[in-house]
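Values below: every heavy atom of this structure, side chains too, minus hydrogens, waters and symmetry copies. Numbering of ligands and ligand atoms starts at 1, following listing order. All residue numbers refer to positions in the sequence shown, counting from 1.
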Amino acid sequence: MQTTTPALVVAAAIVDSLERPTRALCAQRSAPAELAGRWELPGGKVEPGESPEAALHRELAEELGVEVRLGARLLGPEAGDWPILARRTMRVWLAELIAGTPEPLADHSALRWVGSDALEDLDWLDPDRPIAVALREVTA
Ligand SMILES: Nc1nc2c([nH]c(=O)n2[C@H]2C[C@H](O)[C@@H](COP(=O)(O)OP(=O)(O)OP(=O)(O)O)O2)c(=O)[nH]1
């Protein structure tokens, strides 16, 4: 039986400062209906022939209208990546804004800068909850 590997998902934990992170930019999904209202990290699927980093820069430009500098990866349990919905895997980088003011241009109904103490209070997508815990530790 032929199997296909689902596309890698990439996402950014955009923080106020890569050197001294204290807050992260969280995004509220607007679609599909079953995920709308839940919080996530901005990003999306890597397209064929695209590098993960290039995909992330493209998604952040499309979704938020920003350019970022990527920092360290926020490492998860699957060879550094995180298990997410639909048996996909997500690669997460810390990032810092270098151009633009984030706006919910596509896919999100709201954006919010959230401090370390409040990160776990958001209604995250279920697979993002451990990512939020890791992010709290980074921003603490
Ligand atoms: N962007 C993002 N997707 C996540 C997170 N957590 C999580 O389970 N997912 C899931 C939701 C979706 O099933 C998938 C990403 O799909 P997406 O809809 O954001 O990707 P995309 O922008 O490339 O959209 P499309 O071209 O397929 O319409 O990963 C997260 O923190 N950020």
Side-chain angles (χ1 to χ4, degrees):
M1 193 175 80
Q2 195 180 0
T3 55
T4 54
T5 309
L8 179 70
V9 174
V10 290
I14 299 177
V15 291
D16 47 351
S17 157
L18 282 173
E19 282 66 39
R20 295 194 62 176
T22 67
R23 295 186 304 159
L25 188 66
C26 306
Q28 188 174 38
R29 277 191 86 98
S30 54
E34 63 272 20
L35 304 183
R38 310 288 295 277
W39 292 80
E40 67 169 14
L41 297 176
K45 301 180 190 96
V46 178
E47 291 180 355
E50 198 177 33
S51 74
E53 289 88 347
L56 183 53
H57 288 294
R58 174 183 53 73
E59 290 283 351
L60 296 176
E62 288 172 6
E63 292 185 355
L64 310 179
V66 299
E67 281 178 50
V68 300
R69 174 165 75 95
L70 297 182
R73 296 251 309 272
L74 190 63
L75 292 175
E78 290 190 354
D81 296 335
W82 297 87
I84 56 162
L85 296 174
R87 303 177 67 170
R88 290 180 184 277
T89 305
M90 186 165 79
R91 190 164 298 170
V92 179
W93 281 263
L94 296 170
E96 186 180 73
L97 291 172
I98 55 172
T101 301
E103 293 187 51
L105 302 176
D107 299 345
H108 298 116
S109 50
L111 302 175
R112 193 181 295 171
W113 287 101
V114 181
S116 190
D117 289 352
L119 273 172
E120 287 181 75
D121 297 342
L122 288 184
D123 184 17
W124 291 98
L125 293 178
D126 292 337
D128 284 39
R129 195 146 276 288
I131 305 175
V133 172
L135 193 52
R136 185 202 59 202
E137 285 162 11
V138 166
T139 51

Exactly one of Glu50, Glu67, Glu53 clears salt bridge (charged side-chain N to carboxylate O under 4.0 Å, His left out) with Arg58, and that residue is Glu50
Near Asp107 (heavy-atom distance under 4.0 Å), the atoms of ligand 1 are 22 (O)
Restricting to heavy atoms, the pick from Met90, Glu59, Arg38 nearest atom 22 (O) of ligand 1 would be Glu59
Ligand 1 to Leu41, heavy atom cutoff 4.0 Å, flagged ligand atoms 1 (N), 2 (C), 30 (C), 31 (O), 32 (N)
_The test is salt bridge (Lys or Arg N to Asp or Glu O under 4.0 Å); show your working for Glu78 and Arg87 and say whether it passes._
CA-CA 12 Å; Glu78 290 190 354; Arg87 303 177 67 170; over 6 Å; no
When distances are taken from atom 23 (O) of ligand 1, the protein heavy atom at minimum range is Lys45 N, 2.9 Å
Is there a nitrogen or oxygen of Glu40 sitting under 3.5 Å from a nitrogen or oxygen of ligand 1? yes
Hey, does Pro42 have a side-chain heavy atom less than 4.5 Å from the side chain of Leu60? yes
Quiz prompt | Verify atom 18 (O) of ligand 1: protein non-hydrogen atom under 4.0 angstrom away | solution = yes
Value for CG (Leu75) from CD1 (Ile131), rounded to nearest 0.5 Å, stands at 11.5 Å
Query - 4.5 Å side-chain heavy-atom contact, Arg112 and Leu122 - result: yes
The atoms of ligand 1 lying under 4.0 Å from a heavy atom of Pro127, numbered in the order shown, are 8 (O)
Check if Arg29 has a non-hydrogen atom at a distance under 4.0 Å from any atom of ligand 1. yes
Atoms of ligand 1 under 4.0 Å from any heavy atom of Leu85, numbered from 1 in the order shown, are 8 (O)
Atoms of ligand 1 under 4.0 Å from any heavy atom of Gly43, numbered from 1 in the order shown, are 1 (N), 19 (O), 22 (O)
Side chains of Leu35 and Leu85 in contact at under 4.5 Å (non-hydrogen atoms): yes
